[in-house]
Every structure is written in structure tokens, then in C-alpha cells.
Amino acid sequence: MTRAARASSVLWGVASWLVLGACERGGDGGVTLQLWAMGREGEVVPELTAEFERLHPGVRVDVQQLPWTSAHEKLLTAFVGEATPDVAQLGNTWLPELAALGALQPLDTQVEASAREDGADGVVAGDYFPGIWATNQVGGALYGVPWYVDTRLLFYRQDLLAAAGYPEVPTTWAGWLEAMQAIKRQVGPERYAILLPVNEFEQLLTLALSAGEPLLRDGDRYGNFRGAGFRRALTFYLDLFRRELAPVATETQISNVWAELDRGYFTFMFHGPWSIGEFQRRLPAARQRVWMTAPMPGPTGPGAGIAGGSSLVVFRRARHPELAWQLVEFLSRPSSQRRFHALTGDLPPRRASWRDAALAADPHVHAFRDQLERVRRAPPVPEWERIMTELRLVSERAVHRVGPRTTDAELAQVVAAAAAELDARVDELLDKRRWMLAREEHR
């Protein structure tokens with residue numbers, strides 16, 4: 001069942017909840033703003049909105065916390081039922097879909113006024129990491145303001161890397177491969193240099209973003225997976241399994257990755273900023289010095305990262321659009337973002353917010369600050385999440401087609417077949433997009 005179909009199927013089941021949540025005014029006659037937020041962010045954001053309410057007497061912010069597992073469907077249901085909130089937290093990959101539906105308010109004018117009138121406390125586009133800011137732009141318009149940023153980079157065992165003869169993580173794929181081969185010689189056949197769960201797409205996507213070519217072509221109408229850039233990334237990825245530098249395993253087979261890295265089952269893993277807290281909670285104090293973070297290597301130098309995270313959006317049907325924007329603006333202040341980081345551990349999306357003592361004091365965060373300057377957005381098409389599902393399925397099958405006896409020629413054949421299959425699947429997913437764009441061009 002598609003997401004749209006699932007959203008329609010739950011419409012009647014949640015209609016009463018949406019209607020109750022859509023009240024415009026509080027019991028005291030003051031204005032009520034609705035803010036929908038997900039997960040941990042939804043738990044802690046009332047601590048920030050309380051200050052907004054103090055600064056705006058008569059305004060109450062009603063925070064509705066949504067679970068991540070059902071948030072996408074509830075947002076679509078709310079749009080269909082014309083019961084969207086004033087403001088919402090939106091995953092960056094969802095934003096193009098909601099923008100294409102016409103659900104979101106463009107924010108270019110508000111951002112320009114904010115930077116002009118409020119200075120450093122305003123929403124200053126140039127203060128945001130460029131790749132993160134770009135995730136909020138669709139069709140030349142801005143539809144959201146980044147709230148927190150998420151990307152993946154390397155967590156690794158400093159001592160094992162040093163024992164293999166490498167005091168630091170190399171910055172190129174070739175140097176990194178040599179380091180992983182040296183680690184494998186050190187740790188033996190029962191351990192590995194890197195963990196790459198075969199049921200996740202983020203690792204291969206990270207490599208592909210560094211390869212220097214877009215993943216879609218011709219105005220995002222067709223897949224570009226047969227291009228030289230993606231084929232180079234896929235070759236490097238599959239070669240790690242062929243050389244037995246990575247185990248053929250899923251994330252469920254190695255659920256406690258923090259403990260496994262600590263015991264040296266692998267030396268490198270791709271993970272996001274949430275793992276800093278996991279290591280600090282799970283490992284004893286004596287083991288905190290053995291692990292570190294590093295930016296991603298690239299084909300010829302420092303590599304790119306995924307521009308992930310969440311943004312704040314204002315819906316077109318916001319009952320109080322001016323106040324809704326003021327709430328977004330307040331939550332985007334550097335001071336608000338620093339407090340938000342203290343409450344959640346989420347990384348702030350603007351450079352000014354990184355001038356924070358807590359961030360500066362944590363050496364594990366420094367690599368993220370470096371990586372954020374080189375994050376790249378995914379193609380801004382509503383079909384992107386389905387495309388990534390296809391990437392995961394095709395790449396997992398490709399992993400199972402290679403092994404220690406696979407020759408270079410055979411590896412090239414596996415790469416070519418996987419790339420062709422991906423292009424065919426993605427072109428089918430983008431068929432409706434091509435049709436709609438063709439209609440617009442002939443108007």
C-alpha cells in the first residue's frame with residue numbers, strides 16, 4: 001500500500017483528533033498557535049515555547065507531539081482534511097512533497113525582512129550551512145527554515161587505526177582503503193575494518209554524494225545512476241565487501257553497534273550525531289578516549305555528507321500566519337538553538353549557534369562542524385524516499401553477488417547491472433513527474 005493510500009485509510013480514524021486540535025483560541029480568549037513536532041523534539045520544545053508565550057502575552061502555543069512512525073501519514077491526512085497546524089517540524093526529505101501539494105507557505109519575504117530588521121537574531125540565510133539551507137528550497141522558493149541538522153560521518157577506534165600505522169583518518173578513498181586493509185591485517189579474519197549494514201541506504205548515498213555527479217538528470221526527470229560518479233561510488237562500496245573489510249550483515253544482526261565498535265569487531269562505522277550521546281552513556285569513563293569522529297573521505301579529498309535533519313514550516317492554512325512566522329523566527333534564534341541543543345543533543349544548522357561553550361568543549365562534535373560545510377542535498381523530488389528504498393534493495397542484492405573470488409571484470413559487471421536496474425526503477429517512479437512537467441511546458 002502506498003503512503004497516500006495509507007494516509008487516506010486513516011483519515012476517518014483521526015478526523016476527530018484533528019478537529020479537536022484545530023481550535024483557534026484558548027479557553028481564556030487568547031490566540032492559540034498549533035505546533036506539531038516529532039519524537040524527542042516534541043517532548044522538549046514546550047520548554048522553548050514557554051519563553052515565546054512570555055514575550056507574546058495572550059498567545060499560547062499548543063504543542064502536539066507526533067511519533068515519527070506515523071507523522072508523515074498524519075501530515076498528509078491533515079492536508080486532505082484541511083486541518084493542518086500553523087507550524088510543524090518537517091523532515092527535510094518530506095518538504096518537497098508537501099510543497100508540491102501546495103500545503104506550505106513560501107517564506108522568502110519573511111526571511112528577507114527578518115534579516116533586515118532583526119540582525120543577528122533574525123533568520124539570516126548566509127549564516128546557515130549552504131547544503132542544509134538548500135534542502136528547504138523547491139522550485140526557486142523557500143518553504144522552510146532548518147531547525148536542526150543531521151548528517152553521517154565516521155566513528156572509529158583511534159587506537160586500532162594508530163596500531164595499523166595511521167595516526168589520522170585519510171581524506172581520500174584510496175588512502176582510506178589502504179588504512180582499512182592495514183587494519184584487517186592487524187585484527188585478523190574474525191574482525192572487520194568497517195560496518196556497512198546492507199539494509200541501509202545512507203552509507204552508499206553518502207559515498208555517491210561525494211562522487212561529483214547528480215543522482216538525477218535532465219531537471220530531475222530521469223535517474224543518473226549509470227553515470228560515472230555513481231558507478232565509481234558503488235564500485236568502492238562493493239569492493240569493501242569483496243575484500244571482506246565489511247561483514248555482510250544488517251542493522252538488526254548487529255543492534256548494539258556502540259558495544260561492537262568498543263570491543264573492536266569493526267574499527268569504522270557511519271553514524272549520526274545521536275551516537276555521541278550513546279557512546280557517552282554506554283561506555284565507561286575509561287573507554288571514552290578510544291573512540292573519535294572524523295569527516296568523510298572523498299574520491300580525491302574531504303568528502304560530502306547527507307544534508308539531513310528537520311525544518312520548521314508554516315502551512316498555507318495557518319490561522320495566524322504572522323504569529324506562526326514569529327514562532328519560527330524565535331525558535332531559529334542562535335540562543336534558542338543553543339538551548340535546544342542542550343535539551344536534545346541535536347546539532348544547530350547555523351554557524352552562529354556553534355559559538356557555544358558546550359559544543360566547543362566536546363571534541364567528538366568538531367568533525368560534524370567540519371562536515372556540515374560539505375553536506376549536499378538530495379534531489380528535491382517528492383519521490384525521493386521511494387527512490388532511496390530502491391537504492392537499498394538493489395545495492396543489497398549487489399552485495400550478495402560479490403565475494404573474495406570476484407574478479408575486477410566481474411565486479412564491473414555487477415556494478416553496471418545494478419546501475420542499469422536502478423535507472424530503470426527510478427525512471428518508472430519519475431514517470432508522473434515527467435508527465436506533469438511536460439504539461440506545464442506546453443501551457
Side-chain angles (χ1 to χ4, degrees), residues 151-200 202-204 206-207 210 233 236-299 301-303 305 361-371 399 402-404:
T151 193
R152 294 200 177 196
L153 43 66
L154 295 179
F155 288 72
Y156 69 100
R157 282 280 300 272
Q158 295 187 91
D159 53 340
L160 295 180
L161 181 64
Y166 291 83
E168 296 180 347
V169 178
T171 60
T172 66
W173 285 357
W176 187 29
L177 177 59
E178 290 176 359
M180 286 190 280
Q181 290 176 302
I183 289 168
K184 182 67 173 177
R185 290 192 294 268
Q186 287 278 93
V187 300
E190 301 302 320
R191 298 189 179 191
Y192 297 89
I194 189 168
L195 175 66
L196 301 167
V198 295
N199 63 332
E200 295 183 351
E202 288 87 354
Q203 292 83 359
L204 178 54
T206 299
L207 297 173
S210 293
F236 181 81
Y237 175 78
L238 294 178
D239 193 36
L240 299 177
F241 293 97
R242 178 177 67 155
R243 296 175 184 269
E244 298 185 313
L245 299 174
V248 181
T250 66
E251 61 178 342
T252 55
Q253 290 173 292
I254 308 177
S255 57
N256 192 340
V257 294
W258 309 277
E260 294 300 333
L261 186 136
D262 182 52
R263 77 178 185 90
Y265 183 58
F266 46 83
T267 299
F268 290 103
M269 71 177 189
F270 285 71
H271 254 236
W274 64 89
S275 275
I276 294 176
E278 293 293 341
F279 275 116
Q280 292 171 344
R281 284 188 293 271
R282 293 170 182 264
L283 272 57
R287 300 293 297 167
Q288 291 298 327
R289 292 183 178 274
V290 304
W291 65 277
M292 185 47 71
T293 56
M296 287 302 304
D362 188 348
H364 302 107
V365 175
H366 298 169
F368 282 95
R369 174 64 179 80
D370 184 11
Q371 189 70 71
V399 167
V402 301

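In what follows, every heavy atom counts, from backbone to side chain, and hydrogens, waters and symmetry copies are set aside. Nothing here was measured: the structure is a model prediction, and the numbers come from that model. Numbers here simply count residues along the sequence, with the first being 1.
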Quiz item: Would you find a donor on one side and an acceptor on the other, under 3.5 Å apart, between the side chain of Gln253 and the backbone of Thr250?
Solution: yes
Quiz prompt | Tyr192 backbone acceptor or donor facing Glu244 side chain under 3.5 Å | solution = no
Quiz item: Once you round to the nearest 0.5 Å, how far does CG of Leu207 lie from CZ of Phe270?
Solution: 4.5 Å
Self-check item: Straight-line distance of Asp239 CG to Met180 CE, nearest 0.5 Å
Solution: 9.0 Å
Exercise. Give a yes or no answer on whether the side chain of Thr293 reaches the backbone of His364 with a donor-acceptor pair at less than 3.5 Å.
Key: yes
Quiz item: Between the main-chain N or O of Ala179 and the side-chain N or O of Lys184, is there a donor-acceptor pair closer than 3.5 Å?
Solution: no
Quiz item: Could you give the distance from CD1 (Ile194) to CH2 (Trp176), rounded to the nearest 0.5 Å?
Solution: 4.0 Å
Exercise. Indicate yes or no for a side-chain donor-acceptor contact from Gln371 to the backbone of Met296 under 3.5 Å, with no hydrogens or angles considered.
Key: yes
Quiz item: Has Gln181 got more than 12 heavy atoms of other residues, nucleotides or ligands less than 6.0 Å from its CD?
Solution: yes
Quiz item: Do the ring planes of Phe279 and Trp258 sit parallel (below 30°), tilted (30 to 60°) or perpendicular (above 60°)?
Solution: perpendicular
Exercise. Give, for atom CG of Leu283 and atom CZ of Arg289, the distance between the pair rounded to the nearest 0.5 Å.
Key: 14.0 Å
Quiz prompt | Spatial distance of atom CG (Leu261) from atom CD1 (Ile254) [nearest 0.5 Å] | solution = 11.0 Å
Self-check item: Partner set under salt bridge (charged side-chain N to carboxylate O under 4.0 Å, His left out) for Arg287, not counting sequence neighbours
Solution: Asp262
Exercise. Please work out which of the three classes, parallel, tilted or perpendicular, describes the rings of His271 and Phe155, given edges at 30° and 60°.
Key: perpendicular
